[in-house]
Structure formats: C-alpha cells, structure tokens
Amino acid sequence: EKGDFEHYMLKEIFEQPDTIRDTYRGRIRKDQDDIVLGGLIDVFPKIVEANRIIILGCGTSWHAALVAEYLIEEYARVPVEVEYASEFRYRKPIINPGDVVIAISQSGETADTLAALKMAKEQGALILGICNVVGSSIARLTDAGVYTHAGAEIGVASTKAFTAQVTVLTLFAFKLAKERGKIDADTLKMFIGEMLAIPGKVESILLKHPHIKAVAEKYKDAVNALYLGRGYLFPVALEGALKLKEISYMHAEGYAAGEMKHGPIALVDDNLPVVVVSAKDDYYEKVVSNIQEVKARKGNIIAVVAEGDNGLRSMADDLFEVPESHPAVASLLTVVPLQLFAYYIALMRGCDVDQPRNLAKSVTVE
Ligand code: F6R
C-alpha cells in the first residue's frame, strides 16, 4: 500500500497535488466563476446571516482553523473565533442562536471536538463539520458539512488532511465573501485561479525533496527549533513546529514572528535553527527585520521564501523556495517543505515516523 514509499507519511505528503485537486474538484464551477459546496447549500442562507463563526478543532485541525479565521475575516468580514475544542467545551462559552459553529476533524472522532459540538448544538447553534472520514461521528452529528477528499490518512502526523482542510476552508471563505457581497466577480475568479494552480505548485515543491533532505541533515542534531510566521503564515509556523516535535521528538515551538522579541528571542544562539516562513505579503519588511534580529544573535535561519525572493536569499543560511502565489493561499505551499523537513529529520534520528511514541491517530478519549 505504501508503494514505492518508505513510510505512509512520505506517501501522503507526495499525494497532496492529487488530494488538493480531489478536494476542490466538483466544487469549482466549470466556468471557474463560482464555488459550489453541495453539502452546505441548504444551510448557506443561515451562514450568510451569521453574526459570528466559531471554529473548533485540535492539533493540526486547529491550525487549519486559524488559517480560516484570517481568510473569513479578511474577505467575508464575519467575526471568527477559533478555539481548542478541549477548552471550549469546559469553559462555559457564550453561544448565541445566530452563531455558526464549525468543527474541523480529520478523523471525525476526536472526543473533545465531538463533545464541544454537542454542547454548541444543545445551545442552539447551527453546527457544521469539515471531516475527512465519511460517516464519522462528527459528520453524523452535524447539521451539514463538507468532506475533505484526502483519502485515508494512515501516518499519525497529519499532512494531506491539513492541506485538504485548508482547501475546503478557503473555498468556504471565498464563497461566503461572494454571497455576502464582499468580493466582486473578478476577485472571486482570481482566487479560483489561485486555487487551481496550487496542485502544480505543490508538485514543483515536492521535486525539491533532495535539497530539503540535505538541509535536514545539517540540523538533525539540534536540541530546539523555533518557527516564525506572520499573518496567513503564522499557522504554518505552528504546524511546522508540531510536525517536527511529534515525529522527531526535537523540541520545536511555533510563534507569531512579532512576538519573538517578547520572549523567545532569549533562546537564540548559534545552536538554534529558526525557520522563518515568508511570502511576498504586507509583512515582508517586518519578516526581514525579524531575520536580522536572529542573525545578529548568530541564530541559523532556514527561510521558506517565494521563488525569486533575492532579498531573503542573501540573509538566510538555508532556503526552501516555493512558487509565488497570492498570500491568502500561501499556507498551502509553504507548509509542504516543512512537512518534508520534519519527515527527514525524524528519519535521520531513527524515529518511527508513522507511529510516533505516545500518539494515536485518533484521540477518542479526553
Ligand atoms: C498532528 C495530528 C493531531 C490531530 C489532532 C486532531 O499531526 O495529527 O494533532 O490533528 O489529534 O485530530 P482530528 O483532526 O482527527 O480531529
């Protein structure tokens, strides 16, 4: 089943051009001028009227939710709150009838997410699910939902499920923006074009795996690693760090780059790899200054950059280049080299990549 791949995780990383395409296929109209989310058609009028959207998840699914928060607030202009299901379910949150609660879960069986959703349902919210496993508990509980069509994910570390979740959430955000009259037809078309270009761009990133492996070799013995990003790439920093720590057991922290000077900068020395996730977005100059701060303290910079970004090229110790894209979809590209980086480091450290210690594929207990 793994075919030519040594591990499921590697196979699943390499499947992403197909799984992203499978996830948007049939949801983009032939003329590429509209998005159709079949599972949400009946409830969409309610979603358009929502006062607030609350998105719940755990782990990697929570990271996908964060990307959605940025997308929905920027383009559809609906207030969004993202929360760990495990916190939400116990802290007596305020849920109003006009709220829409969306759960994100690959397995559809995560106990905390399921319990949080039940609570929201009891309190009168419309509850939606974005799940990968068809017929799973969350998919059955929700009023409506959208499946990610990533196929079975066997590796414990989530990879293709994350990019499929972000794909669905991106379609959802732009559909909502359109239905709320917040973006015009040309802008929608432009974003649809951006989405259609993602699989080919992921393909080109995957071709660079020998380079990513060589960089992993350089850093495999580090004790700590810091991942920084801003805006749409802040969740990617969190996700990159989670991938590394869960499969290689190297301590890694993801941080919003602007927070670096409020604490984590104290960690920087010549043994610390700092992965900086960047794009040609509004934050570019700020990211440049973050890198200068790390370099001034002799930290090692591994920069994820858009191709042709010669500015960061001269400042970074190592580069993972990804094709250019609109910043709003850049998470789908920039996460891929970080998945591979974590994979190769774990492999070189002799870890069981597909079955990391202490972890289960689906967390059906609290
Ligand atoms: C990380 C990972 C976990 C899951 C989390 C939620 O690689 O796989 O953090 O993302 O346990 O699982 P689901 O999405 O099945 O609810």
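Hydrogens, waters and symmetry mates play no part in the numbers below; they use all other heavy atoms, side chains included. Owing to the predicted nature of the structure, the values given are computational and were not obtained by experimental measurement. Just so you know, ligand 1 is whichever comes first in the structure, and atom 1 is the first atom listed for that ligand.
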Participant: Look at atom 11 (O) of ligand 1 and say which protein heavy atom is nearest, naming residue and atom and giving the distance to 0.1 Å.
Facilitator: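 For this ligand atom, the closest protein heavy atom is V363 CG2, 4.1 Å.
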Participant: Quick one: sort the F320 and H211 rings into parallel, tilted or perpendicular, breaks at 30° and 60°.
Facilitator: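 Correct class here is perpendicular.
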Participant: Hey, can you tell me if F191 and Y75 have their rings parallel, tilted or perpendicular (30° and 60° cut-offs)?
Facilitator: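 Perpendicular.
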Participant: So between I138, T60, T159, whose heavy atom ends up nearest atom 10 (O) of ligand 1?
Facilitator: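 It is T60 that holds the nearest heavy atom.
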Participant: Check ligand 1 against E246 and write out every atom of the ligand that is under 4.0 Å from a heavy-atom position of the residue.
Facilitator: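 Matching atoms, with element in brackets: 1 (C), 7 (O).
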Participant: One thing to verify: whether D112 and R89 come together as a salt bridge, which I'm taking to mean a side-chain N less than 4.0 angstrom from a carboxylate O.
Facilitator: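 A salt bridge is present here (some side-chain N lies under 4.0 Å from a carboxylate O).
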Participant: Please list, in number order, the atoms of ligand 1 under 4.0 Å from a heavy atom of K243.
Facilitator: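 It comes down to these atoms of ligand 1: 1 (C), 7 (O).
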Participant: If the condition is side chain to side chain donor-acceptor pair (under 3.5 Å), which residues does E324 pass it with, not counting sequence neighbours?
Facilitator: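 Expected list: none.
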Participant: Nearest 0.5 Å, what's the CE-CZ distance between M260 and R230?
Facilitator: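 M260 CE to R230 CZ: 9.0 Å, rounded to 0.5 Å.
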Participant: Does H63 reach ligand 1, in the sense of a heavy atom lying below 4.0 Å from it?
Facilitator: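 In this structure, H63 fails to qualify as a contact of ligand 1 - no heavy atom is under 4.0 Å.
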Participant: Check the pair H7 / D354 against side-chain hydrogen bond (donor to acceptor under 3.5 Å, both in side chains), numbers first and verdict last.
Facilitator: CA-CA 6 Å; H7 293 97; D354 282 335; 5.1 Å; no
Participant: For E153 and S158, what are the C-alpha separation, side-chain angles and deciding distance, and is it a side-chain hydrogen bond (donor to acceptor under 3.5 Å, both in side chains)?
Facilitator: CA-CA 7 Å; E153 190 179 64; S158 191; 3.1 Å; yes
Participant: Is the closest heavy atom of V156 to ligand 1 under 4.0 Å?
Facilitator: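 Contact check V156 vs ligand 1: positive.
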Participant: Can you list the ligand 1 atoms lying under 4.0 Å from a non-hydrogen atom of S158?
Facilitator: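 The list of qualifying atoms is 7 (O), 8 (O).
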Participant: Does the ring of Y284 carry K280 above it, NZ/CZ under 6.0 angstrom from centre and within 45° of its axis?
Facilitator: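 Relative to the ring axis of Y284, which defines the angle, K280 lies inside both limits.
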Participant: Enumerate the atoms of ligand 1 whose separation from the nearest heavy atom of S105 is less than 4.0 angstrom.
Facilitator: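 Going through ligand 1 atom by atom, the ones under 4.0 Å from S105 are 13 (P), 14 (O), 15 (O), 16 (O).
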Participant: Can you check whether T110 has an N/O within less than 3.5 Å of an N/O in ligand 1?
Facilitator: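 There is such a contact, yes.
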Participant: Using a 4.0 Å heavy-atom cut-off, say whether K361 meets ligand 1 through its side chain, its backbone, both or neither.
Facilitator: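 Near ligand 1, K361 shows nothing, with every heavy atom at 4.0 Å or more.
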Participant: Need the ligand 1 atom indices (1-based, order shown) with element for anything under 4.0 Å from a heavy-atom of S61.
Facilitator: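 This gives 10 (O), 13 (P), 14 (O) as the contact atoms.
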Participant: Does the gap between the ring centers of H209 and F14 come in under 6.0 Å?
Facilitator: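 Ring-ring flag for H209/F14: true, centres closer than 6.0 Å.
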Participant: For ligand 1, which atoms, with element, lie under 4.0 Å from some heavy atom of A157?
Facilitator: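 Once the distances to A157 are compared, the set is 7 (O).
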Participant: Is the closest N or O pair between T113 and ligand 1 shorter than 3.5 Å?
Facilitator: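 Between T113 and ligand 1 (N or O atoms, distance only) the closest approach is not under 3.5 Å.
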Participant: Under 4.0 Å, heavy-atom basis, I'd like to know which part of E109 is in contact with ligand 1: side chain, backbone, both or neither.
Facilitator: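 No part of E109 is near ligand 1 at this cut-off.
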Participant: Determine whether any heavy atom of C58 lies closer than 4.0 Å to an atom of ligand 1.
Facilitator: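 Yes, C58 has a heavy atom closer than 4.0 Å to ligand 1.
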Participant: State plainly whether the residues R52 and D99 are in salt-bridge range, i.e. N to O under 4.0 Å.
Facilitator: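 A salt bridge is present here (some side-chain N lies under 4.0 Å from a carboxylate O).
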